[in-house]
Structures are given as structure tokens and as C-alpha cells.
2 protein chains.
Amino acid sequence: MLEHCSTVNLPPTHTIGVHHMKKLSGQRQSAVRLNRENVVAAASDLIRRDGIEGWSMRALSRELSVSVSTLYWHVRNEQDLLGMVIDEALAAIVVADTPDWRAGIADFLLQARRLLCEYPALVRLIWRSGWQLGPRTLRVTNDFLGLVARSGIAEDEVADAYYLLVAFLFGFVLMETQSPDTPDFVAERGASSSAAVPALDHLARYSPAADAAGMDRRFAFGVERLLNSLERGSAAAERPGAVG
Amino acid sequence: MLEHCSTVNLPPTHTIGVHHMKKLSGQRQSAVRLNRENVVAAASDLIRRDGIEGWSMRALSRELSVSVSTLYWHVRNEQDLLGMVIDEALAAIVVADTPDWRAGIADFLLQARRLLCEYPALVRLIWRSGWQLGPRTLRVTNDFLGLVARSGIAEDEVADAYYLLVAFLFGFVLMETQSPDTPDFVAERGASSSAAVPALDHLARYSPAADAAGMDRRFAFGVERLLNSLERGSAAAERPGAVG
DNA sequence: ACCTGAACACCGTTCAAGT
DNA sequence: ACCTGAACACCGTTCAAGT
């Protein structure tokens, strides 16, 4: 029920590591020696295949035909492992080094959305594992920050703009991947409401359902407005007084 | 480590229910008869007090000095219960019925941020329990949608604007409550990088750390830019071609 | 250096059985 | 109608013990 996220057919963002080390097919003996990298790759594959619901240290150990406790030799604990999985995945995002900051930012956001959408477990992982940034993620973040700075926004507002953009990105993917189970909740609820309580008229009218078709449009809408709001940045003349 | 979220000292958003039914103090016998409402209220209190980390059906049963299985008579399952907790909490947001849509939207966003921040477990809950909207949440959503529609944005863009605003809200609170464990990761990493690999200069320069002081400013920045971007809505002349 | 088995302290959910 | 105890199938993590 969280299977949309279309955005053109997704290129396989994740042919990075040594992955699929002949495991995940379920034979008995471990043909390959385990190491830190192997474990992370296997975890990544498993989460990709089964989603976060099926994930557990024990499930991974079963997948690798290895004792659970073995994993703890290669990895400090679950959070440590998941952190590395996140960092590896996020490293797939490449930040364009272009003077065209509008295109650069839009491209970054689209890449990130695709990655997070193709790999919805990632968002839940980031959420769950406390969002500590790995080294590769820091690199990507740094480069993106440079892109934002290039927009000509005031120097002391770069971080603010970064938060605006990334907050939108994360929130959007969150809504997109975790959309309500009942896409038709509007008709349902709107109809059953008695005459006494006012109906959910706006919900019925504008129906902000998270249908796959609409989401691409909505993302583009958001990105466009955000880019515009950066562009017209410091020249805002009619601001009431909320500068702080 | 997720203890910021200042935004003026928070008024107690949550003196709603019958709560604190003399439980949470830990005596033996259940003086009050249990019912659906009671259970939800107790769950809400418990999560508020101990955060989501300590939450479990079994923990709640211990708190109520009752057998775990008893809970399942009053409530379908954990997800059902958490859904009701969320809906109750979100119902505390009141949407101003004002023609001043800018003020109305800003007020709504601030209320929501406060609530979610004061109650960080909520965001994780929403995340975890699949974001199905309860009846009270639908009401709030509906009213907010009306406010957005009043901004004079094109009718077929109301839902898009709604997503833009709410995505920002959720993403922001997510970043705010789940900020990295290492607020000083910049100096740390920036310093230790060798000369070979380029330093994380932008991170060091703009330091987008989630310090409590900066977050209020950042939220205000975001809200302001978003409101502006709605205002200048349909009059956008120089859009490249991303209308769809 | 790498792996195992058993143990510890947890989970959510079900279900026959009690009053 | 409401509550219990025991059971089932899980968790993450530790640790002495094996090679």
C-alpha cells in the first residue's frame, strides 16, 4: 500500500557494492568469509528486498546462514549497522557541480526523492536510527550546501534555505511513502457525516489524495515554488516584520 | 539529545481528557473500570512521560496493573491504539477561521510545530503507525485545506500547496526532533580531513546545526518564504515549463 | 581472528478459561 | 461483559566456549 512513487521509471540507483554475494538464495554453508563490508551489503540487500518490516538482526543472520552472535563480531550493534546502510545508500546521490543552481538543486531533490522512494525503508531507517550522518552523507550534504549558497541568497540565510529545502524533501517523501491506507477516505467520511456536523467539504473538494499520478506534479510544484522563493530572496520588499 | 524546540515557552497543549486517572503512580489494584477511552488516555500519558522508546503494550499493561491480554479486549491491537492516541493529540490544533489566510496558515503551522515538538514521540508514532488519519485529524486537515484555498491560489493547485506546506512542517519537525547526535560534527570532521580529500568547507562555513536558538529563526524563514510563494502564485510569468 | 549455543530480558497477539 | 495465565513466535545483545 505504499507502492507508488513513479517519477519516470527508476534507474537502478544501487549497483554499487559487491552485493549479492551469492547469498540471499538460501543455501546452507557460507562460501564467503564474512567481514564488515559484506554484512553491510547483505543488510542493504535484505532491506531492499523485504522492506523494513521484515528486517531484524536475526533475519539477517538467517539470510547469511550464520549465528546471530556472529554479526556482533563484525558490527557493534543494530544501530551501527543500519547507520552504515543509510550512509552507503545516500552516497549514491551525486551533486552536480554547475553554476546553474536552479537546475542543480532541482536535480538533487529529484535524485533524493527517487532514491528515498525506490527505497522507502531508508526513510524509516533514517528515522529509526536517529539520523546520524555518516561520512558519505556529510560529503553529499556539504556539496548540496555549496549549491544552495550559489543561489545568491544572503550568507546568513544559507542554512535556513537548506533546512527549507531538505525539510520539504523529507516531509514529502514521508507523506508519499506513508500515505494513508484509505485513499478514498474522503468520500467515505464525507458521505457518512450527518447533517448536524458540517461535512468535510474542503477535503472532498480538493481531495489531496496521494495518488501516484498527482505526486509527481505535486513534487514539481513544490520544487518550483521553493526555487522561486529563494530567487526572489533578499529583495523581499513587502515583508510585514518577521525577519527576527 | 532531542530536547530543544524552544519557540516561546510552550503552553500545555494537552489538558484535554480525563487523563491521569490516578494511575501512573503505580499502586496495585485498578480502582477504575477500564474502557476504550481510559486505555487511550493512559497510553497517551505513558508515551508523553517515557517517550516512544519505553512504549510497549506490555509496559502499558504494567502501568495499569492489568494483564496484557486485557488490553486486547478494549482495543484491536497496538496500531489501532496508537492511531487513537495520535488522533486525540492532533485534535488539539485549532484552525483559525479568519480571512487573513497568511496569519491563519502561519498560526496553524506554528501550533502544529509546537505540538509535535512538545510531543516528539508523536511524529515517530505517526511514522510508525502508518499515518492513517483519524476523524479528528480529518476535521483539522479539512479546515486547514479551507485556509489554503482562501489564499487565492488556483483551484487545481490547492492540494499541491497543501502538500508543500505540510511536507515542510513534517520534514522540519523531523529534522528538529531527530537532529544528529553530534551537533559539532562539522568542526570534528572538517578538522580531521586530510589535505588530499577536499574538506567539508561548506558545512564548516554555513554550519547548518540544529541549535535551539537557530531553529525558531529557521522555521520562521521557511514559513515566510512559503507564504510568499503562495501569494505570488498564479502570476508566475517566467516559469520555464514545469507546469505539467 | 572468527564463529557458535545458550541464556537473558524483552516483544505483540491469541485463546481457553475464569468470574 | 470483562479479565487472567499460559503459550506461541518472535526480538537485540552478551558471553563463555569452541576452532
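Note that the coordinates shown come from a computational prediction; the quantities given were computed from them, not determined experimentally. Each chain gets a letter, A, B and so on, in the order its sequence line appears, and its residues count up from 1.
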Query - A/Asn77 side chain, from C-beta outward: closest of D/dC3, D/dT13, C/dC3 - result: D/dT13
Query raised in the report: Do the non-hydrogen side-chain atoms of A/Phe219 and A/Glu176 ever get within less than 4.5 Å of each other?
Result: no
Query - Distance in angstrom units between B/Arg33 CZ and C/dT19 C1', rounded - result: 11 Å
Check nucleotides 5-11 of chain C against the protein and report each pair of N or O atoms closer than 3.5 Å, with its distance, or say if there are none.
{"residue": "C/dG5", "atom": "O6", "partner": "A/Ser69", "partner atom": "OG", "Å": "2.6"}
{"residue": "C/dC11", "atom": "OP1", "partner": "B/Ser56", "partner atom": "OG", "Å": "3.2"}
{"residue": "C/dC11", "atom": "OP1", "partner": "B/Arg62", "partner atom": "NH2", "Å": "3.0"}
{"residue": "C/dC11", "atom": "O5'", "partner": "B/Ser56", "partner atom": "OG", "Å": "3.4"}

Report task. For the pair B/Gln111 (side chain) and B/Val94 (backbone), establish whether a donor and an acceptor sit closer than 3.5 Å, ignoring hydrogens and angles. Result -> yes
Query - Length of the CH2-P vector between B/Trp73 and C/dC15, whole Å - result: 17 Å
Report task. Identify all stems in which DNA chain D takes part, counting only runs of at least 3 consecutive pairs (Watson-Crick or G-U wobble, each distance under 3.5 Å), and give each as one range with another, ordered by first number. Result -> C:4-8 with D:12-16, C:12-16 with D:4-8
**Report entry** A/Thr137 backbone acceptor or donor facing A/Thr141 side chain under 3.5 Å
**Finding:** yes
Requested in this report: Can you label the angle between the B/Tyr206 ring and the B/His202 ring as parallel, tilted or perpendicular, going by 30° and 60°?
Outcome: parallel
Query - B/Pro135 side chain reached by B/Asp87 side chain, heavy atoms, under 4.5 Å - result: yes
Query raised in the report: Expressed in angstrom and rounded to an integer, what is the separation of B/Tyr72 atom OH from D/dC2 atom C1'?
Result: 17 Å
Query raised in the report: Say you pick atom P in D/dC10 and the same atom in C/dA9; how far apart are they, in whole Å?
Result: 22 Å
Query raised in the report: Once you round it to whole Å, what is the distance between P of D/dT13 and NE2 of A/His74?
Result: 16 Å
Query raised in the report: Parallel, tilted or perpendicular for B/Phe108 and B/Phe144, by the 30°/60° rule?
Result: parallel
Query raised in the report: In whole angstroms, how far is the C1' atom of D/dG12 from the CG atom of A/Asp80?
Result: 14 Å
Requested in this report: Identify whether NZ of Lys or CZ of Arg in B/Arg113 sits under 6.0 Å from the centre of the six-membered ring of B/Phe172 and within 45° of that ring's axis.
Outcome: no
Report task. Compare all side-chain heavy atoms of B/Val40 with those of B/Glu88 and state whether any distance is below 4.5 angstrom. Result -> yes
Requested in this report: Take atom CG of A/Leu60 and atom P of D/dG12, then tell me their distance rounded to the nearest Å.
Outcome: 10 Å
Query raised in the report: Looking only at atom types and distance, does a side-chain atom of A/Asp50 sit under 3.5 Å from a main-chain N or O of A/Trp55, one as donor and one as acceptor?
Result: no
